Engineer: 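Take this structure, written in structure tokens, and hold onto it; I'll ask about it next.
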2 protein chains.
Amino acid sequence: MVKQKYRALGMQDNPKNVCACLAIRKAARAVTQFYDSYLQSFGLKPTQHSLLLAAYFADGITISDLAHFMVMDRTTLTRNLKPLEKDGLLIVNPEQDRRAKKIVITRKGVTLLKKMTPAWESAQQELNRRIGSTKFGQVLEDMSYIVDAIYW
Amino acid sequence: MVKQKYRALGMQDNPKNVCACLAIRKAARAVTQFYDSYLQSFGLKPTQHSLLLAAYFADGITISDLAHFMVMDRTTLTRNLKPLEKDGLLIVNPEQDRRAKKIVITRKGVTLLKKMTPAWESAQQELNRRIGSTKFGQVLEDMSYIVDAIYW
DNA sequence: TCAAGATACGTGCATATACACTTATAATAG
DNA sequence: CTATTATAAGTGTATATGCACGTATCTTGA
């Protein structure tokens, strides 16, 4: 087993010496794959589901503002919106300020989002069950705390 | 401010209803960008630094085994190794089992890794300082726990 | 008013990520 | 001993990520 053979990859007995960047990226990959297994039958990846959700709750938000909320480079968001636009789930429209563009969810987007909600809830609840409700809540808080700690 | 205007993106007052996948991916992006600001002058991204570190501590590990440790698709790892190979930091060699390949760090790779260590430590310590030692340790544990909860 | 700076966005480039499919090699069952 | 199955890896395709750079528009100061 990998765990036995390459324990050294943990590097130190002191877990504080494990690279936090590596640790969180590994967990992010695992969680993404987990949620994807629940959402994939709807044709949306977890990232796309999150974007569509944002377009629903913050209808009319600009690209820059959403990028800021997503802790994502603006140019990344511009490209991530493309597949959703292509599928007619949302539209990117000009603003009054002609430099800016606002993101608007379509009826098709809303319908898909609502259809996906039970699957998303299943993923969320199953992960909650597996790691325990207390830890689950703590991790959600900590993730938000980390983002704030880095950018403020 | 985005925070004020689009509070709805948090969706609910109950933080448990925040998507865990979104939360951890946001944090992963933030942490990656943070570490990148410390490592970029050496020409390696955080992911590449982690891979090189793995090649150092688990010298001779196969692609599949390292992919498993990294919680990464094997084909992703294959491609992620390319830039490091191109820069002569590691070599991918055939095994006795001719299906497999082992990853071997080069002297150049070791040298670079050691040169980067103080910068990596600065990032690690500064993040530790910003979120507090207790929470820092807890998050590292939790990330590992989540990976185990998903794959076991 | 209008030139300088600030803001919002897009493109080129390189890397990161994973699934579906294919190829090559090893192990095993009959 | 061979046919089947299992394992290790690579490629094609599509999306995800961010930096450097450029364009268009708005704001502001002289």
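Chain identifiers are assigned alphabetically (A, B, ...) following the order of the sequence lines, protein sequences preceding nucleic acid strands; residue numbering begins at 1 within each chain. Computed from a predicted model, the values in this text were never measured in an experiment.
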Engineer: Any side-chain to backbone donor/acceptor pair from Q124(B) onto V18(A)? Under 3.5 Å, distance only.
Structural biologist: yes

Engineer: Nearest whole angstrom, please: distance from the C1' of dT15(C) to the CG of D87(B).
Structural biologist: 12 Å

Engineer: Could you tell me which residues satisfy ring pair (Phe, Tyr, Trp, His ring centres under 6.0 Å) with F34(A), sequence neighbours excluded, listed by chain and number?
Structural biologist: Y38(A)

Engineer: With side chain to side chain donor-acceptor pair (under 3.5 Å) as the rule and sequence neighbours excluded, what pairs involving residues 76-88 of chain B come up?
Structural biologist: none

Engineer: In whole Å, I'd like the distance from the CZ atom of R29(B) to the C1' atom of dT15(C).
Structural biologist: 16 Å

Engineer: May I ask you to decide if A30(B)'s main-chain N or O and Q33(B)'s side chain share a donor-acceptor pair within less than 3.5 Å?
Structural biologist: no

Engineer: Cut-off 3.5 Å, no hydrogens considered: what does the side-chain donor-acceptor table look like for residues 93-104 of chain B, sequence neighbours left out?
Structural biologist:
from	atom 1	to	atom 2	distance (Å)
D97(B)	OD1	R99(B)	N	2.9
D97(B)	OD1	R99(B)	NE	3.1
D97(B)	OD2	R99(B)	NE	3.4
D97(B)	OD2	R99(B)	NH2	2.8

Engineer: Output every pair passing salt bridge (Lys or Arg N to Asp or Glu O under 4.0 Å) with a member in residues 117-129 of chain A, not counting sequence neighbours, ordered by first then second residue.
Structural biologist: E126(A)-R129(A), E126(A)-R130(A)

Engineer: Under 4.0 Å from a heavy atom of chain B: give me the 5'-most and 3'-most nucleotides of DNA chain D that qualify.
Structural biologist: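 First-to-last contact on DNA chain D, by the 4.0 Å heavy-atom rule, is dA6(D) to dG18(D).
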
Engineer: In whole Å, what is the span from the CD atom of E85(B) to the P atom of dT15(C)?
Structural biologist: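 Roughly 13 Å, once rounded to whole Å.
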
Engineer: Can you list everything that forms a side chain to side chain contact (heavy atoms under 4.5 Å, CB included) with A67(B)? Sequence neighbours excluded, please.
Structural biologist: R74(B), L77(B)

Engineer: Counting only N and O atoms by type, is there a donor-acceptor contact under 3.5 Å from the side chain of S144(A) to the main-chain atoms of L140(A)?
Structural biologist: no

Engineer: Measure from CG on L22(A) to C1' on dT17(C) and round the result to the nearest Å.
Structural biologist: 15 Å

Engineer: Would you mind building the protein contact string for nucleotides 1-11 of chain C? One character per nucleotide, 5' to 3', B for base within reach (heavy atoms under 4.0 Å), S for sugar-phosphate only, - for untouched.
Structural biologist: -----BBSBBB

Engineer: Could you tell me which residues satisfy salt bridge (charged side-chain N to carboxylate O under 4.0 Å, His left out) with D36(A), sequence neighbours excluded, listed by chain and number?
Structural biologist: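 For D36(A) there are no salt bridge (charged side-chain N to carboxylate O under 4.0 Å, His left out) partners, ignoring immediate neighbours.
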
Engineer: For DNA chain D, what residues of residues 106-118 of chain B have any heavy atom nearer than 4.0 Å?
Structural biologist: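 Contacts with DNA chain D under 4.0 Å: none.
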
Engineer: Which residues pass the side chain to side chain donor-acceptor pair (under 3.5 Å) test with T32(A), not counting sequence neighbours?
Structural biologist: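 Partners of T32(A) by the side chain to side chain donor-acceptor pair (under 3.5 Å) criterion, ordered by chain and then number, come out as R25(B).
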
Engineer: Using heavy atoms and a sub-4.0 Å distance, could you list which residues of residues 33-49 of chain A are near DNA chain D? By number, please.
Structural biologist: K45(A), T47(A), Q48(A)

Engineer: Quick one: does T106(B)'s side chain have a donor or acceptor within less than 3.5 Å of a partner on G88(B)'s backbone?
Structural biologist: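 A pair under 3.5 Å: yes.
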
Engineer: With a 6.0 Å cut-off (strictly less than), is the heavy-atom count around NZ of K26(A), excluding the residue itself, greater than 12?
Structural biologist: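 Yes, because the 6.0 Å sphere around NZ of K26(A) holds more than 12 heavy atoms from other groups.
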
Engineer: Looking at residues at least two apart in the chain, or sitting in another chain, which of them share a side chain to side chain donor-acceptor pair (under 3.5 Å) with K135(A)?
Structural biologist: D142(B)

